[in-house]
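A short write-up of the structure that comes next.
Here the structure is a predicted model, which means the values were calculated and not measured. In this chain, numbering begins with 1 at the start of the sequence shown.
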Amino acid sequence: MTMALLTPIETRILDDWQRDLPLVPRPFAVMADALQVSEADLLARLAHLKSIGAIARVGATCRPNTVGASTLAALSVPEARIDEVAAVVAAEPGVNHSYLRENNWNLWFVATAPDAGELLAMLARIEDRCGLKVLNLPLRRAFNIDLGFALEGPRQALQSDRPADVSVIEPGDRALLQALSHGLPLVARPFAALGDEIGRSEDAVLARVATLCAARIITRLGVIVRHRALGWRSNAMVVWNLPEDRIEAAGNALIRLPGVTLCYERRRVAGLWDYPLFCMIHAKTRPEALEVLETATTMPELSGAGRQVLFSVRCFKQTGAMIERREEAAA
């Protein structure tokens, strides 16, 4: 699929509403008015975009390690075992992203769980079932983890992320955030339907979502796009080897470079991984991605930095995070 196969209205849905979903009882009516279509038409279009794999959901992305725990992990998998090991990893409900990348550490995945203990237990299960060492790279600092960018027109620089205010979190937020990570129902009053699902009123849901967005617990609320399905298939994870005292300046420089779509610092692992600064470059072609990378290498903040470029080859899994155990969510 490419953007050319979408109608102009569908393209606007994807470009205009990746964030800032209206926090009103009928958000799709507000979106429809802006697009000059009916609410029913918009809902039908969103359902169609989801059915063809252009979007994952209309819902939320949550800041890692605020409610629940998460990490980026990798395995070095022999080529003959890639499908087998990828299936083992994808079978874990807490794995929400899994990609094959061009590197000796070639199978990368994001693991999420309700707490740190369950997260480590999941990684241990994967190690045991695959017979392979798991490289565990927890997040240390986020420069920008939004991953919402315009699909048409010139590329834009990212904004610097601000820390989350975890003091606002309440016990009932887990169920709410889990539901938003799965996606809002595509109905006229989605927050009321979500409230019915978790036993809260529409007003209460809207108030909590607004609070969690303002506190940056919810990093984005809107249409969650599947970029690869829309032709953005030359996506590179670039990792940089820098001393600790240069990482902050380099991360802030990278987010100002149009074409960089994520940037964060992760843990070093002595003897295994000495690349603490990560950025993603999403592009439609490899030359386009490499052009962005070439510009990055000229930045003084990255002068002399060692780097590796890990293009994604296959996507095995892409879902919302696990914030709450399934049995808790169903209770």
Side-chain angles (χ1 to χ4, degrees), residues 56 61-62 64-65 68-113 119-120 122-147 224 226-229 232-241 251 254 260-283 286 289 293 306-322:
T61 57
C62 300
N65 303 313
S70 70
T71 194
L72 177 67
L75 295 160
S76 180
V77 184
E79 185 173 356
R81 295 189 61 201
I82 286 170
D83 286 338
E84 167 212 339
V85 173
V88 171
V89 172
E92 286 286 348
V95 169
N96 67 328
H97 291 76
S98 178
Y99 288 89
L100 183 68
R101 299 191 181 278
E102 296 173 350
N103 192 263
N104 182 51
W105 293 100
N106 54 357
L107 185 60
W108 290 77
F109 59 97
V110 176
T112 62
L119 182 66
L120 292 176
M122 183 195 316
L123 299 182
R125 281 195 302 274
I126 291 172
E127 278 196 338
D128 182 60
R129 291 169 182 172
C130 298
L132 297 168
K133 168 71 178 176
V134 170
L135 180 65
N136 180 14
L137 302 171
L139 184 72
R140 292 189 62 189
R141 173 169 36 182
F143 296 100
N144 188 290
I145 52 174
D146 188 301
L147 194 57
I224 308 301
R226 293 188 183 275
H227 298 97
R228 289 179 65 85
W232 297 77
R233 303 185 66 83
S234 293
N235 305 320
M237 183 173 76
V238 185
V239 296
W240 307 85
N241 183 354
L254 280 167
V260 169
T261 49
L262 291 171
C263 187
Y264 43 78
E265 179 189 359
R266 293 190 176 274
R267 183 180 69 180
R268 300 178 194 260
V269 180
L272 291 177
W273 191 259
D274 200 25
Y275 298 88
L277 183 62
F278 288 65
C279 72
M280 283 296 305
I281 298 171
H282 282 71
R286 187 173 289 237
L293 174 59
R307 68 179 186 274
Q308 293 194 50
V309 184
L310 293 76
F311 276 95
S312 58
V313 179
R314 293 171 63 186
C315 175
F316 295 107
K317 188 176 183 182
Q318 185 181 3
T319 65
M322 177 187 283

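Checking each of Leu254, Asn241, Val238, Val239 against Leu277 for a side-chain contact (heavy atoms from CB on, under 4.5 Å) leaves exactly one that passes, namely Leu254.
Rounded to the nearest 0.5 Å, atoms CH2 (Trp240) and CD (Glu265) are 15.0 Å apart. Of the inter-residue distances, the one linking Leu132 atom CG with Trp105 atom CH2 reads 8.5 Å to the nearest 0.5 angstrom. The OG1 atom of Thr261 sits 7.5 Å away from atom CD1 of Ile281, with the distance rounded to the nearest 0.5 Å. Once rounded to the nearest 0.5 Å, the distance linking CG of Leu107 with CD1 of Ile82 reads 8.0 Å. Put simply, CG on Leu272 and CG on Asn104 are 10.5 Å apart, with the number rounded to the nearest 0.5 Å.
Between Ala283 and Asn235, the closest heavy-atom pair is N-OD1, 3.2 Å. Nearest approach of Ala289 to Ser234, heavy atoms of both residues: CB-O, 3.7 Å. In terms of heavy-atom proximity, Thr112 sits nearest to Ser70 at CG2-CB, 3.8 Å. Pairing each heavy atom of Cys279 with each of Val260, the nearest pair is CB-CG1, 4.0 Å.
Residues meeting the side chain to side chain donor-acceptor pair (under 3.5 Å) test with Arg125, sequence neighbours left out: Glu92. Listed by chain and number, the residues in a side chain to side chain contact (heavy atoms under 4.5 Å, CB included) with Cys62 are Leu177, Ser181, Ile323 (sequence neighbours excluded). Partners of Asp274 under the salt bridge (charged side-chain N to carboxylate O under 4.0 Å, His left out) rule, at least two apart in sequence or in another chain, are Arg268. Not counting sequence neighbours, Arg267 has no partner by the salt bridge (charged side-chain N to carboxylate O under 4.0 Å, His left out) test. Residues passing the ring-ring contact (aromatic ring centres under 6.0 Å, His included) test with His227, sequence neighbours excluded: Phe149, His282. Partners of Tyr264 according to the side chain to side chain donor-acceptor pair (under 3.5 Å) rule, which considers only residues two or more places apart in sequence or in another chain, do not exist here. Partners of Phe316 according to the ring-ring contact (aromatic ring centres under 6.0 Å, His included) rule, which considers only residues two or more places apart in sequence or in another chain, do not exist here. Phe311 is linked by a ring-ring contact (aromatic ring centres under 6.0 Å, His included) to nothing, counting only residues two or more places apart in sequence or in another chain. Legend: residues meeting salt bridge (charged side-chain N to carboxylate O under 4.0 Å, His left out) with Arg81, ordered by chain and number and at least two apart, are Glu84. By the side chain to side chain donor-acceptor pair (under 3.5 Å) test, Ser312 pairs with Arg228, sequence neighbours left out. With sequence neighbours left out, the side chain to side chain donor-acceptor pair (under 3.5 Å) criterion links Gln318 to Arg226.
With contacts defined as side-chain heavy-atom distances shorter than 4.5 Å, the pair Trp273/Asn136 does not qualify. Proximity of Val269 to Leu137: side-chain heavy atoms (C-beta onward) are separated by under 4.5 Å at one or more points. By the 4.5 Å heavy-atom criterion applied to side chains, Met237 and Met280 are counted as neighbours. Side-chain contact check for Leu75 versus Val85: some heavy-atom pair is nearer than 4.5 Å.
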Worksheet item: Are Thr61 and Leu147 close enough, and set up right, to give a side-chain contact (heavy atoms from CB on, under 4.5 Å), and what steps lead you there?
Response: CA-CA 9 Å; Thr61 57; Leu147 194 57; over 6 Å; no
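With hydrogens and angles disregarded, no donor-acceptor distance shorter than 3.5 Å links the side chain of Thr71 to the backbone of Ala111. A donor-acceptor contact shorter than 3.5 Å links the side chain of Glu127 to the backbone of Val134.
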Quiz: residues 93-102 side-chain donor-acceptor pairs under 3.5 angstrom, not counting sequence neighbours:
{"from": "Glu102", "atom 1": "OE1", "to": "Arg286", "atom 2": "NH1", "distance (Å)": "3.4"}
{"from": "Glu102", "atom 1": "OE1", "to": "Arg286", "atom 2": "NH2", "distance (Å)": "3.4"}
{"from": "Glu102", "atom 1": "OE2", "to": "Arg286", "atom 2": "NH2", "distance (Å)": "2.8"}

